[in-house]
Each structure stands twice: as structure tokens, then as C-alpha cells.
Amino acid sequence: MSRHRALRAKVKRGIAKWPVLIVVLVVLLGLSWLALSWAGGVLDKRSQALAENCSEGDSVLRISVTPSVAEAVRDVAHAYSATRPVVYDHCIAIEVTSADSSAVLEGLTTAWDEQKLGKRPHAWLPDSTLWANRLSALNAKLVGSAPKSVGTSPVLLAAPEAAAPVLKDFRWSDLPEVTDWTKYGQSWGRFSVAMPDPAANTASALAIQAALAGGKGPVTAESLGSDAAKAALSKLAATVPPEVPPTTRDALRRLGDSATVNAAGFSATPVSEVDLFKHNTGKEAPSKPLVGVLPTGPAPMADFPYVALGGSEVGEAEVRAAQAFRDFMTDPPQQAILARGGLRVESTQDRPSPSPGVSWSPVTENLVAADATTTQQISSAWASADRGGQVVTVLTDVSTSMKPRLDKVKAALLGQVDRSVSGSFGLWEFARDLDGSKPHKQLVATGPVSEKREALRRSIDALKTADGSQLYSALAACYETAHDGFVAGRVNRVVVITDGTSDGGIDLAALKAQLHGTDLPVSFIAIGGEVDKAALTDIAQTTGGSVSVVENVDGVEAALGQVLSTKA
């Protein structure tokens with residue numbers, strides 16, 4: 001018995017290992033869960049992106065769209081988002097904002113106003129390639145890829161209901177010729193078409209182009225410089241009513257508020273079909289819809305180009321996303337969405353219904369549009385004809401660096417002088433010691449172009465290069481003379497063509513001290529990469545002018561047309 005007790009005494013009792021392991025495992029799991037929960041708020045978005053193969057996270061593609069089709073483009077964007085698009089390992093979201101094309105152009109080429117326009121876009125959908133041309137003329141690097149049309153809309157003549165049937169045989173070539181309703185057997189008095197500034201209103205620009213084409217088109221630089229074209233522009237400018245609304249939208253509103261023909265102060269106004277559809281069906285629709293008349297003959301078309309933008313603000317992911325969304329928009333299902341919004345597309349003949357005032361008449365022939373450079377020249381030719389024309393003083397760089405570029409500059413200046421219908425024009429040159437010790441010389445005093453044309457031609461032909469380029473001193477003298485000769489009631493401006501920096505004379509601060517505000521804007525056409533863009537922009541903004549950056553001299557002609565087509 002004692003032995004048995006002794007044996008039992010040697011046995012050691014302990015705690016089993018498996019319960020301890022379980023406790024440790026539970027604690028570790030709890031700690032892991034707490035750690036994952038803590039990190040979850042940070043990693044959740046990233047994890048979702050990884051699950052969708054979006055290892056780089058989310059990216060927003062911002063698109064600025066002309067108001068008439070913004071709603072339809074938003075519908076397309078919703079359809080695109082439903083496909084859960086991934087571009088360059090980014091999950092893509094589309095943000096569509098609505099903005100007038102003139103405001104977008106100004107913002108892209110000067111200072112972008114986020115409060116007014118939202119964040120700067122990566123793509124742009126204006127109502128016409130006219131805007132893409134203008135952007136390219138001001139800064140070609142901002143156009144990331146060739147514009148691609150996503151739909152079209154013919155330009156109509158919007159008129160009160162009573163007047164529309166009378167205009168059934170109207171042609172765009174009638175615009176300069178018809179001045180009285182008696183031509184159509186009516187006693188409504190003067191026939192006039194409101195032409196809101198074509199530099200800011202697409203329908204006006206296309207209507208003027210159609211009036212000058214005299215048929216299928218296109219208008220060319222040569223035809224624009226003809227006596228017939230200048231006579232047509234003079235007549236057309238003379239028929240414009242005294243008070244023209246600033247925008248097509250304003251012109252439509254005034255027409256819609258008028259009880260009788262001509263009560264608005266004018267008889268009709270050009271408008272794109274989709275804009276008229278939106279006007280007649282929108283929140284501010286008139287009690288009686290305006291009626292759209294499709295003039296007989298070739299129709300000018302607003303082509304609604306999608307423009308992928310370039311520049312330092314656009315990353316590679318946004319570039320590729322912009323291109324992917326452009327391709328998506330041109331697929332038949334999305335084209336049908338745009339058609340329901342009022343655009344014409346090739347893949348369907350469906351039209352919005354109801355559509356008061358818009359009959360969607362078939363277009364049998366399109367006007368062949370002028371090329372990009374001629375388009376700018378048409379606008380500047382109109383500016384030279386409208387209300388007496390502008391008062392323009394050109395200061396051109398003739399320093400040594402301009403030698404390989406001077407012939408193209410001469411051609412651009414000669415073309416502008418030849419195409420100018422009226423207004424005033426003057427010419428200065430600058431380099432070092434051009435006029436005694438002065439770094440500038442007035443070649444032709446600013447005066448009526450009809451009187452100065454031959455002198456201008458001779459002086460332009462005689463331009464030759466010299467050393468140095470004291471830009472600021474030359475501009476101060478030219479500006480002061482232009483200011484002294486200011487013509488009230490007209491657009492007065494100084495245009496500087498240069499490819500370099502100021503290398504002597506007064507400095508920038510001294511020049512700015514001599515400028516007199518924004519009544520006399522100074523605009524620059526800067527050629528190549530050697531200019532001091534920051535300094536030129538400073539001067540332009542001080543005076544209300546602009547800076548056009550062209551990579552090579554071939555862009556000077558379009559840039560000059562763009563500068564001279566604006567009213568500021």
C-alpha cells in the first residue's frame with residue numbers, strides 16, 4: 001500500500017497546452033481584426049479599386065459642354081459609367097459641366113475661373129470646329145488631339161410664326177441683298193437680320209460664311225479678298241440693325257417676346273437647329289414658339305466637335321480617358337441619345353418629339369466649310385466691316401531672329417490689308433537703331449485702310465531685318481501714338497508680332513507705368529519658344545488684350561485673324 005502511495009506522489013499534474021494555444025490564437029485574431037478595422041478606412045477605397053483592377057485608384061474626366069447638348073452628354077456619361085470603365089489602371093468617372101464656348105475659350109487661354117466655370121476640363125465639346133480653330137490659333141499645345149464630330153445641326157433662320165412661311169424660298173446669299181419685306185410682298189417695313197458678334201456666336205459666323213460662299217463653298221482666302229466679297233460684307237454690315245443683342249440666346253429671347261414682326265427691332269436671327277429646339281422647349285420657352293426656316297441651297301452646319309485637351313493640367317490617364325469616351329460617344333446607342341437631345345447623327349433618323357417650331361427638314365446639301373485659317377480671316381474681315389471697322393496699329397519685330405520668318409509675316413499682313421473692308425490700319429517696326437537711335441519706326445500712320453492700302457502694301461513689302469529688339473521701348477512709343485489717335489466709338493487695338501525678348505531700353509515696369517488701362521488693348525502674336533510669355537501675358541492682361549502662341553510662323557496668319565476678329 002505504501003508503495004502505491006509513493007508511486008502516486010511522483011506524478012506531476014500540469015495545465016494542458018491546447019487551451020493556452022486557443023487563448024493565444026483568439027487574442028491574435030482579435031488584435032488582427034482591430035488592426036484591419038483601423039486601417040480599413042484608409043485602405044477601403046484602394047481595395048475596391050484593386051478589386052476592379054484599378055490599382056491607381058479613381059480619376060475624374062472633366063468635360064465642358066456647350067449648353068444645348070449638355071443634358072444629352074450627361075446621359076451618355078451615365079451610360080459610360082455603367083460600363084465601369086478602367087483606363088491606365090484608373091477607375092474613370094465623368095463630370096460634365098455646361099458652359100458657353102466663348103467663356104471656355106477665354107478661360108483656357110487666359111486664367112481659368114473655377115468659381116464661374118468649375119474645375120478646368122480635360123475635354124471640350126463646343127458647338128463648332130470654329131472654336132477648336134480659335135483655340136489652336138491662340139495656343140496649339142492646348143489641343144490634345146484632332147477634333148471629332150459627335151453630331152451636327154444645320155443653321156436655320158429663326159423668325160416669328162407669321163414671318164416664317166414668307167421666307168420659304170430664302171437663301172443665305174440673300175442676306176446682303178434683301179433690305180425690305182416688300183421683296184416678299186409684305187408691308188412690315190425693313191427686313192434685317194440680327195447678327196450677334198460672330199467671334200462669340202457660331203450661328204452668326206456660319207451664316208456670314210454661307211452668305212459669302214454664293215453656293216456650295218468653300219470660301220477661300222483668295223475669294224475673301226475679292227471686290228465682290230468685300231462688297232457683300234459691306235452690304236451685310238449695313239443691313240444689321242442698330243442694336244444687336246450680344247448673343248444668339250438674347251436675340252431669340254427678344255424675338256420670342258415680340259408680338260409682331262419687327263417688334264424686336266429686327267426680323268430674324270441665325271440659330272442652330274438644336275439651339276432653337278432647346279429655346280422653344282426649355283424653361284424660358286416663349287408662349288408662341290419661334291419657327292426655324294431652313295434656307296434653300298447648301299446648309300452651313302454646326303459640327304459639335306469633341307476636343308481632347310492638352311497642356312500641363314492634363315495627365316496621361318485623362319488623355320486616354322478622353323479618347324476612350326470620345327469613341328464611346330460615337331457608338332450607335334450613344335448616338336441615339338444625342339439624337340433625342342436634338343443633334344443629327346448618321347446612325348438614326350429619330351428626332352425629338354414634341355419639337356414646336358422645328359420641323360427637322362431634310363438637308364440635301366451641306367455647305368463646304370472654309371479651312372481653319374480662312375475661317376479666322378472671315379471673322380476678321382467681318383470685324384473690319386461691321387460698324388465702321390476697327391482701328392488697328394501693328395508693331396512687328398524685324399530683329400535678326402525674324403529673318404527666316406519675315407516672309408510669312410509679310411504675307412499675313414498683306415492678306416489682312418487686302419481683305420479689310422473698312423476701318424483703320426497702321427504699321428510700325430522695331431529693332432535697334434531703326435530711326436536714328438530709336439529702336440522703332442512708324443512706317444504708315446494709322447488711318448482709313450481705303451486711303452492707306454497702297455502705302456501699307458509698299459511698307460510691308462519693304463520690311464527687312466536689323467540687329468536687336470528693344471520691344472518695351474518700341475511698344476511704349478507705338479502705344480502712346482495709338483492712344484493719342486484713339487477713335488471714340490470704335491474698337492482700337494495694338495497688335496505686336498514678335499519671336500524674342502526685349503534686350504535693352506526700358507524695362508517691363510517702366511512700360512507698364514505708361515499704359516492707360518483697357519480701352520486700348522495690346523495683343524501679342526508670339527512665335528516660337530524664345531519669347532517671355534509671362535511678361536507678354538502681364539502686358540496683355542493689364543490692357544485687356546491677349547497672347548497667341550504659335551509654334552512656328554505658319555500659324556501667324558490664323559492667329560492674326562483670330563486677334564482681329566474679337567472685340568476686345
Do we see a donor-acceptor contact under 3.5 Å between the side chains of [X] and [Y]?
X      : Y      : value
Ser523 : Ser546 : yes
Thr152 : Asp303 : no
Gln390 : Arg493 : yes
Asn133 : Ser136 : no
Thr182 : Asp180 : yes
Thr393 : Trp428 : no
Thr220 : Ser223 : yes

### Summary
By salt bridge (charged side-chain N to carboxylate O under 4.0 Å, His left out), Lys235 pairs with (sequence neighbours left out) Glu177
### Query
With sequence neighbours left out, what residues match Glu243 under salt bridge (charged side-chain N to carboxylate O under 4.0 Å, His left out)?
none
Give the minimum heavy-atom separation between [X] and [Y], together with the two atoms involved.
X      : Y      : answer
Leu276 : Gly357 : CD2-O, 4.2 Å
Ala72  : Leu338 : CB-CD2, 4.0 Å
Cys478 : Leu395 : SG-CB, 4.1 Å
Ala103 : Leu117 : O-CD1, 3.8 Å
Pro121 : Ser64  : CB-N, 3.8 Å
Phe430 : Ile497 : CE2-O, 4.1 Å

Quick one, [X] and [Y] - any side-chain contact, counting heavy atoms below 4.5 Å?
X      : Y      : answer
Leu463 : Leu443 : yes
Leu294 : Leu157 : no
Leu175 : Met195 : yes

### Message
As an exercise, state the distance from CG of Leu130 to OG of Ser565, rounded to the nearest 0.5 Å.
### Response
10.0 Å
Under a 4.0 Å threshold between the charged nitrogen and the carboxylate oxygen, would [Y] count as salt-bridged to [X]?
X      : Y      : answer
Asp397 : Arg405 : no
Asp275 : Lys278 : no
Arg453 : Asp418 : no
Asp461 : Lys410 : no

### Query
Sub-3.5 Å donor-acceptor pair from the side chain of Asp174 to the main-chain atoms of Arg171, do we have one?
yes
### Query
Is Asp113 reaching over with its side chain to a backbone N or O of Lys116, donor-acceptor style, under 3.5 angstrom?
yes
Has [X] got more than 12 heavy atoms of other residues, nucleotides or ligands less than 6.0 Å from its [atom1]?
X      : atom1 : result
Arg326 : CZ    : yes
Gln442 : CD    : yes
Glu346 : CD    : no
Glu106 : CD    : no

Quick one: side chains of residues 202-216, donor-acceptor pairs under 3.5 Å with protein atoms, not counting sequence neighbours, listed by atom name and distance.
from   : atom 1 : to     : atom 2 : distance (Å)
Thr202 : OG1    : Asp127 : OD1    : 2.7
Thr202 : OG1    : Asp127 : OD2    : 3.3
Thr202 : OG1    : Trp131 : NE1    : 2.9
Ser204 : OG     : Pro196 : O      : 2.7
Gln209 : OE1    : Ala370 : N      : 2.7

### Message
So, applying side-chain hydrogen bond (donor to acceptor under 3.5 Å, both in side chains) with Glu557, which one of Gln377, Lys408, Gln416 is it?
### Response
Gln377
### Query
Would the Phe277 and Trp360 ring centres measure less than 6.0 Å apart?
yes
